[in-house]
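What you are looking at is a predicted structure, and each value in this text was computed from that prediction instead of being measured. So that the names make sense, note that chain A is the first sequence line, chain B the second, and so on, each numbered from 1.
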Number of protein chains: 2
Amino acid sequence: MGSNLEKNQSDKEPKIELDRVIHEPARLLIVTHLYVLDSADFLFLLSQTGLTKGNLSSHLSKLETAGYVEIHKEFIEKIPHTMLTLTNAGREALMQYRSYMQEMLNKLPS
Amino acid sequence: MGSNLEKNQSDKEPKIELDRVIHEPARLLIVTHLYVLDSADFLFLLSQTGLTKGNLSSHLSKLETAGYVEIHKEFIEKIPHTMLTLTNAGREALMQYRSYMQEMLNKLPS
DNA sequence: GTAAACTAGTTTGTAACGCAAACCGATAAG
DNA sequence: CTTATCGGTTTGCGTTACAAACTAGTTTAC
């Protein structure tokens with residue numbers, strides 16, 4: 001007794017320690033751009049990444065929700081303007097992602 | 001005239017050159033294991049990756065469809081046995097993926 | 001015998017995701 | 001007024017990853 005859990009195999013936790021928020025290609029692109037620039041506006045990212053507007057918008061929202069970017073909206077001469085900044089959490093997440101990937105890839109025999 | 005295509009912005013091709021078959025974490029795990037081992041059986045991969053059986057099975061099918069692994073089934077002492085091998089295409093895909101990722105990540109300032 | 005339990009996987013159902021089209025509120029031009 | 005443009009956001013939809021449920025066969029228990 002105690003527990004008659006019919007334990008499935010699902011308590012094997014998969015050996016992946018990868019931040020999916022960062023891992024997604026479109027977001028990796030965004031985040032690496034922001035990492036070197038420190039901040040950029042929507043239209044700049046749009047042209048640099050080649051994403052569509054809808055796509056860029058939703059990925060930015062997801063990064064914001066994750067706490068990785070801050071979105072600042074203001075009006076410049078009556079025209080809306082959106083500035084994106086990588087947060088510290090975002091920088092750290094990217095660096096951790098990088099370490100993980102580099103280690104995994106570097107140790108493959110060439 | 002000629003064409004009055006109301007061209008959207010969608011002819012901007014996104015600047016991502018990443019093989020999604022390889023990029024998926026679970027499959028990256030599988031493929032890197034096969035890369036060093038050259039071949040392995042289903043149960044070995046199961047324990048090494050920590051994936052569930054269903055998951056492992058479907059990822060392997062996807063890798064097979066992509067032409068990256070070969071799946072050989074045989075009976076050993078009346079018990080089914082599945083051997084997985086990385087194809088040349090699989091090796092090359094992984095190496096190309098690695099180059100792309102390493103370049104992208106290495107050029108980030110530390 | 002036949003039933004229960006185990007082995008080695010495959011198939012199914014579902015929630016989440018990524019994508020581009022469609023939409024929206026505001027300004028500018030004709 | 002109407003039309004187009006700008007700077008984005010929301011919607012709709014096909015695809016995916018995931019674990020639960022299932023399958024086919026084998027060994028063990030009775």
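- A donor-acceptor pair under 3.5 Å links the side-chain atoms of A:His23 to the main chain of B:His23, judged by distance alone.
- Looking at heavy atoms from C-beta onward, A:Phe42 lies in side-chain contact with A:Leu60 at the 4.5 angstrom threshold.
- Whole-Å rounding puts the B:Ile30 CD1 to D:dA17 P distance at 11 Å.
- Partners of A:His33 under the side-chain hydrogen bond (donor to acceptor under 3.5 Å, both in side chains) rule, at least two apart in sequence or in another chain, do not exist in this structure.
- In the hydrophobic clustering of this structure, A:Met83 does not group with A:Phe44; members are Ile, Leu, Val, Met, Phe, Trp, Tyr whose side-chain heavy atoms approach within less than 4.5 Å, directly or through other members.
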Any N/O pairs under 3.5 Å between the protein and nucleotides 1-7 of chain D? List them or say none.
unit_1	atom_1	unit_2	atom_2	d
D:dG7	N7	A:Lys53	NZ	3.4

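- Side-chain N/O atoms of A:Asn55 include one lying less than 4.0 angstrom from OP1 or OP2 on C:dC19.
- Taking atom CG on A:Leu46 and atom P on C:dC19, their separation rounds to 14 Å, with Å as the unit.
- Around CD of A:Glu74, the count of heavy atoms belonging to other residues, nucleotides or ligands within 6.0 Å exceeds 12.
- Remark: P of D:dT26 and CZ of B:Phe75 are 7 Å apart, rounded to the nearest angstrom.
- Taking hydrophobic clusters as Ile, Leu, Val, Met, Phe, Trp and Tyr residues chained together by side-chain heavy-atom distances below 4.5 Å, A:Ile79 does not share a cluster with A:Ile71.
- To the nearest angstrom, C1' of C:dA8 lies 13 Å from CD of B:Glu74.
- Remark: A:His59, A:Lys62 in residues 56-67 of chain A come within less than 4.0 Å of DNA chain C through at least one heavy atom.
- The side-chain hydrogen bond (donor to acceptor under 3.5 Å, both in side chains) check on B:Gln96 picks up nothing, with sequence neighbours excluded.
- Side-chain contact between A:Glu70 and A:Ser39: absent, with no pair of heavy atoms (C-beta onward) separated by less than 4.5 Å.
- In this structure, B:Leu28 places its CG atom 13 Å from P of D:dA17, rounding to the nearest Å.
- Applying the side-chain hydrogen bond (donor to acceptor under 3.5 Å, both in side chains) criterion to A:Ser110, with sequence neighbours excluded, gives B:Arg98.
- DNA chain D is contacted by B:Glu24, B:Ala26 of residues 18-26 of chain B, taking any non-hydrogen atom closer than 4.0 Å.
- For the pair B:Lys73 NZ and D:dT23 C1', the interatomic distance rounds to 13 Å; values are reported in whole Å.
- Residues B:Asn106 and A:Gln102 meet the side-chain proximity criterion, which asks for heavy atoms closer than 4.5 Å.
- At least one side-chain heavy atom of B:Tyr68 sits less than 4.5 Å from a side-chain heavy atom of B:Ile22.
- Taking atom CZ of B:Arg27 as the reference point, atom C1' of D:dA17 lies 8 Å away to the nearest angstrom.
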